[in-house]
Amino acid sequence: MKPTAAILRPALAAAWLAFAVAPAAAHPHVWVTAKAEIGYAGGKVVAVRHVWTFDAAYTAFVTQGLDANKDGKLTPDELQTLAAENTGNLAEFGYFTKLKVGGKEQAFADPVEPRMAMEGDTLTLSFRLPLKTPPAQGRGVLALEVYDPTYFVSFGLSEAPDAATLVGAPSGCAATVTRPKTPEPKTAEAGAPGMSEAFFEALTAASGYGMQFANRILVACP
């Protein structure tokens, strides 16, 4: 697998197991610390900006060979191709994002402004997801969920104060973060009983399994 490949579940699983970063029966395989910015304009919800920081092991793997000038540092310019490819290929997974306004699920246009940056030993990807038809929120509740239905990728909202932010929102709107209460599943390792890797490999993007691990941001406006 080439370092510039996106987070494509089967291919990444094979590569991950090939160089033994994670045990064969472990799940998930990639960990992401997430932040989300919900943008408004004229009282309408117009976009979601994601900021995802990957775990150190995945970062080391996916950035192999990207230091073009061999100076031991990875610049945003050196990471730009990786950022664009990762962001574009996330369409297959619905960008791991569901957004409902007033109970109605919203559709996203193509992502824009993909960027990547190294922060210590971890890689951070940011991109903006515009809505195809920006809706007015009014007094309805906005619900943003970030999760992988297959639980190959584990998303956890950052504990930082800016984990969920609103930009341009009507006066009085406030965001509340809810985190999954379901513990991580027990996988079968070293003969111990539990869910096998075959169980997870059988899951698809249409599966509802990963929903129990969803992180949610709820926005209410007066």
Side-chain angles (χ1 to χ4, degrees), residues 6-10 12-13 22 26-40 45 47-55 58 86-87 89-109 111 122 124-132 135 137 140-167 169 173-187 194-195 197 199-221:
I7 306 174
L8 300 178
R9 179 172 173 259
L12 183 54
H27 222 88
H29 291 270
V30 182
W31 286 263
V32 174
T33 301
K35 296 181 181 181
E37 175 189 286
I38 301 169
Y40 292 75
V45 186
V48 174
R49 182 181 297 278
H50 285 302
V51 179
W52 295 347
T53 299
F54 299 96
D55 64 271
Y58 178 71
N86 269 265
T87 302
N89 283 310
L90 286 171
E92 179 182 347
F93 307 96
Y95 306 101
F96 299 122
T97 304
K98 288 189 181 296
L99 179 69
K100 292 184 179 180
V101 177
K104 183 178 180 180
E105 187 166 345
Q106 304 299 310
F108 295 109
T122 59
T124 295
L125 167 69
S126 65
F127 61 98
R128 186 172 182 267
L129 275 178
L131 274 69
K132 285 186 175 180
Q137 182 175 342
V141 174
L142 177 151
L144 174 66
E145 296 181 333
V146 183
Y147 68 97
D148 175 9
T150 70
Y151 203 53
F152 187 84
V153 181
S154 173
F155 286 90
L157 276 172
S158 170
E159 297 289 347
D162 61 346
T165 56
L166 308 179
V167 175
C173 293
T176 302
V177 171
T178 64
R179 305 176 192 279
K181 296 180 180 179
T182 305
E184 290 189 2
K186 293 181 179 179
T187 54
M195 293 179 179
E197 187 71 6
F199 168 82
F200 291 101
E201 288 298 326
L203 297 176
T204 68
S207 303
Y209 180 81
M211 188 179 297
Q212 64 186 307
F213 305 106
N215 296 266
R216 296 178 177 87
I217 298 170
L218 303 177
V219 180
C221 296

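Here the structure is a predicted model, which is why all the values come from computation and not from measurement.
Between the side chains of T53 and T122, no donor-acceptor pair is found at a separation under 3.5 Å.
Taking both residues in full, the closest heavy atoms of P111 and P130 are given as CA-CD, 4.2 Å, listed atom of the first, atom of the second, then distance. Across every non-hydrogen atom of P135 and Q106, the tightest pair is CG-OE1, 3.4 Å. In plain terms, the two heavy atoms of W52 and Y95 that are nearest each other are CH2-O, 3.5 Å. For S126 against V51, the heavy-atom pair with the smallest separation is CB-CG2, 4.1 Å. Closest of all the heavy-atom pairs between A175 and V219 is CB-CG2, 4.1 Å. Between V45 and L131, the closest heavy-atom pair is O-CD2, 3.7 Å.
Between N215 and P180 there is a side-chain heavy-atom pair separated by less than 4.5 Å. L157 places none of its side-chain heavy atoms less than 4.5 Å from the side chain of V146. The shortest distance between side-chain heavy atoms of H50 and L129 falls below 4.5 Å. Side-chain atoms of R128 and V48, non-hydrogen and from C-beta on, never get closer than 4.5 Å to each other. At least one side-chain heavy atom of Y40 sits less than 4.5 Å from a side-chain heavy atom of L142.
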Q.
Go through it in stages, so that I can follow the logic: the residues are I38 and T165, the test is side chain to side chain contact (heavy atoms under 4.5 Å, CB included), and I'd like the CA-CA distance, side-chain angles, deciding distance and then a yes or no.
A. CA-CA 6 Å; I38 301 169; T165 56; over 6 Å; no
Q.
One pair to check against side chain to side chain contact (heavy atoms under 4.5 Å, CB included): F54 and T33. What are the steps and the verdict?
A. CA-CA 7 Å; F54 299 96; T33 301; over 6 Å; no
Q | side chain to side chain contact (heavy atoms under 4.5 Å, CB included) assessment of I217 paired with T176 | A | CA-CA 6 Å; I217 298 170; T176 302; over 6 Å; no
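In this structure, the separation between CG on L125 and OG1 on T87 is 4.5 Å, given to the nearest 0.5 Å. Once rounded to the nearest 0.5 Å, the distance linking CD of E145 with CG of L99 reads 9.5 Å. Atom-to-atom distance recorded for C221:SG and L166:CG is 7.5 Å, nearest 0.5 angstrom.
Salt-bridge annotation for E105 and K100: absent, with no side-chain N of the basic residue lying under 4.0 Å from a carboxylate O of the acidic one. A salt bridge is absent between K35 and E159; no separation between the charged side-chain nitrogens and carboxylate oxygens falls under 4.0 Å. A salt bridge links R49 to E37: one of the charged nitrogens lies within less than 4.0 Å of a carboxylate oxygen.
Ring centroid separation for the pair Y147 and F96 does not come in under the 6.0 Å cut-off. In this structure, F155 has its ring center at least 6.0 angstrom away from the ring center of W31.
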